[in-house]
**Student:** 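After the structure tokens below, expect a handful of questions from me.
Indexing begins at 1, ligand by ligand and atom by atom, following the structure's order.
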Amino acid sequence: MTESPATKQANGEVCQPPKNGLKPESNGFTGSLHRISKRPTNRRCQADEEEIACQHDGLYNRPFKEYFEETPMLVAVLTYIGYAILTIFGYLRDFLRHWKIEQCHIAREKEEQKDFVPLYQDFENFYTRNLYMRIRDNWNRPICSVPGAKMDLMDRTSHDYNWTFEYTGRTVKDVINLGSYNYLGFAENTGPCADSAAQVVRTYGIGVASTRQEIGNLDKHEEMEKQVAKFLGVESAMAFGMGFATNSMNIPALVGKGCLILSDELNHTSLVLGARLSGATIRVFKHNNMQCLEKLLSEAIVYGQPRTHRPWKKILIVVEGIYSMEGSIVRLPEVVALKKRYKAYLYLDEAHSIGALGHRGRGVVDYFDLDPCDVDVLMGTFTKSFGAAGGYIAGKRELIKYLRSHSHSAVYAASMSPPVVEQIITSMKCIMGDDGTLIGCKRLQQLAENTTYFRSRLREMGFIIYGNDDSPVIPMMLYMPAKIGAFGREMLKKNIGVVVVGFPATSIIESRARFCISAAHSKEILDKALSAISEVGDLLQLKYSRRRTQHAPLAQLFDENMFEDIDD
Ligand SMILES: Cc1ncc(COP(=O)(O)O)c(C=O)c1O
């Protein structure tokens, strides 16, 4: 229902289907919280209500806390009833449209093709016109400012029940932005990054008008790639103009027919597309479920390819750092251990985790204190923490050399715009402290504190929050279809912009709001947002949690002094 996640989908046969649409635990059973994998060597730590995945064969350097509270039974039943009512009304309205009693705005087959099998009629189309249209005003609203901690929105209205919109000419000013992936606050129009990007425009202009292999290879591109490799602690890196294409065009360059891809069921659609385009066999394991992954790996080794039973040419495990719909963090130490044990390759997409995780902002590898060389293909995007555009692949020198000549997006796409490249270089330098300031370091700390504060406050209020304690992506469960639109609208009335998400981006009963926390959010902004969420939560009865946590002393969650320096 929203932008990218709308197409997040399983891409093949899932190892074990989740029961009742409820979240699986990591051990493959359905339950209220993520627990550690159920192996004989595991220990299970318990602290009050929450369960904590702790040292797993000594692989983890820190407690790994993830929450996936079970959907309350009554809420699940009411949600299904809500969808059933909407579906019945949908069919009724389609009937009225068919007999031209109700005006029909949908794409329809031409009159002369009316004997053909309908081109536009499928369930997604039915869903779009009868369910999504009712709440469409919550999406695609143009913003007319920098997507910082606050933003300006263009006011619009619809006279035909959301089929079309008209702009009123007014702007809604200073809307608190809880939706942009601006984790470190580098999406800004002032400060050193914006200044040096503007300076670069004066030297290089905006467009490059050629590919890297022809005459579109600037010294700035070379500088950026060296910087990315240094930042990640690997031998080499290369950059692409689009994060989505980085995945979808590079996976086919690495694997093909006779290869096996083991893909997490919640992988981003760019990974799914890349896997499909590659022609490799795809097997899907349950989200972050190491038992399921190990089972697939051992089966792949024992049985080889179907029918011939020849060994797979290559096995590639594909995972993400932070899963943007669940707010969960990949169990990377276990994935690395498995990949080593079974001699498979690992492709890690750090789109949301790079810059947002780890004490040095180097992503999930840094977060778990792992060696970046343990990941064969490190992928990430510049669209989130760096406030720029594009994506990268990093790893061994040979890998990058190979991709430079084999990847479609490297060979055929025009190279990145110079000011975008400069934004990446300067923001990365900031994070590394190479600019001679503490700005980057403070922002990393600020993001971590804001995340802890926001998550704990929401949990105390009684909302069901998904994901890892350290993830700045915070999904808050809404469940019922009517509440998706109502929550978005009520929040906007209070001048707070949020992203709401429903089917098909989530399972049918797991609609949610997804907050993205930024280092640019001040305590005042977070408190204002939290009190609005609480009020709307009471109004719409969203405080579903049966595990409401106690109010922790403020100082424990939030260091007030941190906010003072963020703007310097
Ligand atoms: C995990 C993941 N990979 C890749 C992408 C695509 O990146 P971009 O939006 O920079 O094209 C996204 C986008 O959100 C993502 O979440």
**Student:** Which ligand 1 atoms are under 4.0 Å away from a heavy-atom of T381?
**Tutor:**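 Per the distance check, 7 (O), 10 (O).
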**Student:** Could an N or O of ligand 1 be found under 3.5 Å from any N or O of K384, whether backbone or side chain?
**Tutor:** yes
**Student:** If you measure every N/O of H352 against every N/O of ligand 1, is any gap under 3.5 Å?
**Tutor:**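 Looking only at distances, the answer is yes, because the N/O contact criterion of under 3.5 Å is met.
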**Student:** Using a strict 4.0 Å threshold on nitrogen-to-oxygen distance, state whether E188 and R443 make a salt bridge.
**Tutor:** yes
**Student:** Flag this pair as yes if the NZ/CZ of R331 is under 6.0 angstrom from the six-membered ring centre of F64 and inside a 45 degree cone about the axis; otherwise no.
**Tutor:** no
**Student:** Run the salt-bridge test on D374 and K339 with the 4.0 Å N-O cut-off and return the result as yes or no.
**Tutor:** no
**Student:** Give every residue pair that meets the side chain to side chain donor-acceptor pair (under 3.5 Å) criterion with at least one member in residues 393-403, sequence neighbours excluded.
**Tutor:** none
**Student:** Does the N or O separation between E320 and ligand 1 drop below 3.5 Å for any pair?
**Tutor:**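 N/O-N/O distance below 3.5 Å does not exist for this pair.
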**Student:** For ligand 1, which is the ligand I care about here, please tell me if D349 has any N or O atom under 3.5 Å from one of the ligand's N or O atoms.
**Tutor:** yes
**Student:** Could you tell me whether D435 and K429 make a salt bridge, using a distance below 4.0 angstrom between a side-chain N and a carboxylate O?
**Tutor:** no
**Student:** Partners of E225 by salt bridge (charged side-chain N to carboxylate O under 4.0 Å, His left out), sequence neighbours excluded?
**Tutor:** R212, R404
**Student:** Taking the six-membered ring for Trp, is the centroid-to-centroid distance between F186 and F386 below 6.0 Å?
**Tutor:** no
**Student:** Show the atoms of ligand 1 that are less than 4.0 angstrom away from any heavy atom in N247.
**Tutor:**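 Per the distance check, 3 (N), 4 (C).
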**Student:** Does any N or O of ligand 1 fall below 3.5 Å from an N or O anywhere on F244, backbone included?
**Tutor:**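 N/O-N/O distance under 3.5 Å: yes.
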**Student:** Only heavy atoms of A351, strictly under 4.0 Å: list the atoms of ligand 1 that pass.
**Tutor:** 1 (C), 2 (C), 3 (N), 15 (C)
**Student:** Check ligand 1 against T383 and write out every atom of the ligand that is under 4.0 Å from a heavy-atom position of the residue.
**Tutor:**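 Counting from 1, the qualifying ligand atoms are 8 (P), 10 (O).
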**Student:** Should S270 be listed as contacting ligand 1, given a heavy-atom distance under 4.0 Å as the test?
**Tutor:** yes
